[in-house]
J.: 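Attaching a single structure in structure tokens format; questions to follow.
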There are 2 protein chains.
Amino acid sequence: MDQAGDATLGIPVIEPSGIDASEEASPPNLVNLVTTSVTAMIRQRQLRGGHSIVEAKLAAQLGVSRTPLREGLQRLEGEGLVIKGSGRSFVVRHVDLGEYLQSLKVREILEPEAAEAAAGHIPDAEIAAVRREIAGLQAGSTSLHTDAHWQSDDALHELFARNSGNDVLAQVIRRLRVTTRLFEIARLQDRVAPDLREHAQILDALESGDGKAARKATQAHIRSLQRFALATVR
Amino acid sequence: MDQAGDATLGIPVIEPSGIDASEEASPPNLVNLVTTSVTAMIRQRQLRGGHSIVEAKLAAQLGVSRTPLREGLQRLEGEGLVIKGSGRSFVVRHVDLGEYLQSLKVREILEPEAAEAAAGHIPDAEIAAVRREIAGLQAGSTSLHTDAHWQSDDALHELFARNSGNDVLAQVIRRLRVTTRLFEIARLQDRVAPDLREHAQILDALESGDGKAARKATQAHIRSLQRFALATVR
DNA sequence: TGCGTTCATTTTGCATACAATCAGCCCTGT
DNA sequence: ACAGGGCTGATTGTATGCAAAATGAACGCA
């Protein structure tokens, strides 16, 4: 079977948008293709939380053999996107409300810190770019922009994480956001409006260089997420 | 070649002591063997930071074929213990002073929080067990107990991480400690005496249930690590 | 000497083969 | 009806084969 011939039936091979922003271009080998594709599929809910993965099928879909597929899945397990529970197959990790709130609690500690550290140290061009993204979202109709919304969400949080001056902190935040995003795409519907508002406030504070304000706005944003989840889910 | 016949030439297959304390027993397959063994080898400096891994050789050492070896390494890459640099081979991650200090900075934010949350909620038996470990260290001569020292270090930090009531927080702390440990085993020599003293203070606070004191003692401990590194290294 | 260039060897990337395990099912005996 | 006991197909775990890429050493040439 000409396995590697024509790749990726309809699966768009998308860069792991924003989150996990990689610094160095990764070589174009198949396990990188797998990790990016599966990440994208999870984010787009083509693979749902709790869904168990059958290797041969997914490998065929992606146009690779089981070897690089399994290697990619192992890497994603290390990153916490899938787990190989006591059972035999890989399972897309399912984040429940409890874990979501715990993650938000940690983010509530770290992200205001990062925002404060970043305030005043972010190139204007980057801030402007994020502003444009937000403006674009406000223009269109609210629904079904969810994908673009999450991308702008990534962009904002990545903005102060990357510019916090502490790469380890940034990496920890990215990772936590993988978890929370896993929950949000599964369970939360319409955060567009409040996110846009709160993101704008954070941006204002970041741009003005007011660290304390950035801290406060970021903390308020995350607490708003906590309240929203508690009010919305179930 | 009877590849899988007699395993692990002299490489003790050690549970990933303390850090990364896994909740569920992992099935005894070869990639788990690889991940635990390589983790142990890194912690025992049989594999040094920056050292590049040749798959066939390591596979033979562990008595497995390259397939599970590579899968295990991919998982460890996801966990941040090794990286596949721009080159092709896996490389044991090298943590420099800068990254060490950044990690400590994040730990300085998170661990006092965890200690405060855990204070008063830790079963007496667990505290007693850690105390015994420390006492045992104080008895022997200081040098060459480094391995046991690290183990008791793990035990103490794991103590309040696990009992903080926030599993995500605990996991983040474990992960950060992997990074810092990577540096410490490579660069820091004699932290035994100060660690014992500071650990005892943290234990006292935890046991008395005084959250504020636990927070303070933990923060002091981490700051002490920062100072020590700056004073000691190079 | 310094600098490509070629070629042999090593090492990785990937596919595939096969054995071991598991899940469902039908069959049988009670 | 129903509990148990193999059978069969599906799925994973592991080893191996092979081609491509990299490494490095020997060599020739300026």
Side-chain angles (χ1 to χ4, degrees), chain A residues 1-9 11 13 22 24-38 47 50-78 81-93, chain B residues 1-9 11 13 22 24-38 47 50-78 81-93:
Chain A
M1 184 196 307
D2 184 2
Q3 192 83 46
D6 54 344
T8 72
L9 317 179
I11 309 297
V13 178
S22 39
E24 326 237 337
S26 33
N29 57 22
L30 295 193
V31 359
N32 285 324
L33 184 152
V34 166
T35 56
T36 56
S37 298
V38 172
L47 288 175
H51 184 282
S52 109
I53 293 174
V54 308
E55 298 174 0
K57 190 152 34 175
L58 185 53
Q61 261 189 45
L62 295 178
V64 303
S65 80
R66 280 179 54 222
T67 303
L69 180 91
R70 287 180 54 113
E71 290 182 6
L73 289 178
Q74 292 282 4
R75 182 140 106 221
L76 292 179
E77 180 175 22
L81 269 179
V82 305
I83 58 178
K84 193 172 49 204
S86 50
R88 331 188 338 120
S89 348
F90 286 97
V91 171
V92 179
R93 191 151 75 90
Chain B
M1 182 196 309
D2 184 1
Q3 191 83 44
D6 54 345
T8 71
L9 317 179
I11 307 296
V13 178
S22 39
E24 327 237 339
S26 32
N29 56 24
L30 295 191
V31 357
N32 284 325
L33 184 152
V34 166
T35 56
T36 56
S37 298
V38 172
L47 288 175
H51 183 282
S52 112
I53 293 174
V54 312
E55 298 174 0
K57 188 153 32 175
L58 185 53
Q61 260 189 46
L62 296 178
V64 303
S65 79
R66 280 178 55 222
T67 304
L69 179 91
R70 290 180 53 127
E71 291 183 4
L73 289 178
Q74 292 283 1
R75 179 138 107 224
L76 292 179
E77 180 176 20
L81 270 179
V82 305
I83 59 178
K84 196 172 50 209
S86 50
R88 334 196 331 123
S89 354
F90 287 97
V91 172
V92 180
R93 190 151 73 91

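Below, chains carry the letters A, B, ... as their sequence lines are ordered, and counting in each starts from 1. Owing to the predicted nature of the structure, the values given are computational and were not obtained by experimental measurement.
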J.: Could you tell me if the side chain of B:L76 sits less than 4.5 Å from the side chain of B:V38, heavy atoms only?
T.: yes
J.: Between A:L58 and A:L62, is any pair of side-chain heavy atoms under 4.5 Å apart?
T.: yes
J.: For B:E71 and D:dT16, give me the distance from atom CD to atom C1', rounded to whole Å.
T.: 14 Å
J.: Suppose we screen for side chain to side chain donor-acceptor pair (under 3.5 Å). Which residues come up paired with B:N32, at least two apart in sequence or across chains?
T.: B:N29, B:R75
J.: In whole angstroms, how far is the P atom of D:dT14 from the CG atom of A:L73?
T.: 15 Å
J.: OP1 or OP2 of D:dA15 versus the side-chain N and O atoms of B:S65: is any pair under 4.0 Å?
T.: yes
J.: Do you know which two heavy atoms are closest between B:L73 and B:V82, and how far apart they sit?
T.: O-CG2, 3.6 Å
J.: Check the distance between C:dG13's P and A:R75's CZ and give it to me in whole angstrom.
T.: 11 Å
J.: Please write out the pairs of protein N or O atoms and N or O atoms of nucleotides 7-13 of chain D separated by less than 3.5 Å, giving the distance to one decimal.
T.:
unit_1: D:dT11; atom_1: O2; unit_2: A:R88; atom_2: NH2; d: 3.3
unit_1: D:dT12; atom_1: OP1; unit_2: A:I53; atom_2: O; d: 3.2
unit_1: D:dT12; atom_1: OP2; unit_2: A:E55; atom_2: N; d: 3.1
unit_1: D:dT12; atom_1: O4'; unit_2: A:R88; atom_2: NH2; d: 3.0
unit_1: D:dG13; atom_1: OP2; unit_2: A:R70; atom_2: NH1; d: 2.7
unit_1: D:dG13; atom_1: OP2; unit_2: A:R70; atom_2: NH2; d: 3.2
unit_1: D:dG13; atom_1: N7; unit_2: A:R66; atom_2: NH2; d: 3.0
unit_1: D:dG13; atom_1: O6; unit_2: A:R66; atom_2: NH1; d: 3.1

J.: Quick one: list whatever passes side chain to side chain donor-acceptor pair (under 3.5 Å) with A:E55, sequence neighbours left out.
T.: A:R66, A:R70
J.: According to side chain to side chain contact (heavy atoms under 4.5 Å, CB included), who are the partners of A:S52, at least two apart in sequence or on a separate chain?
T.: A:S89, A:V91
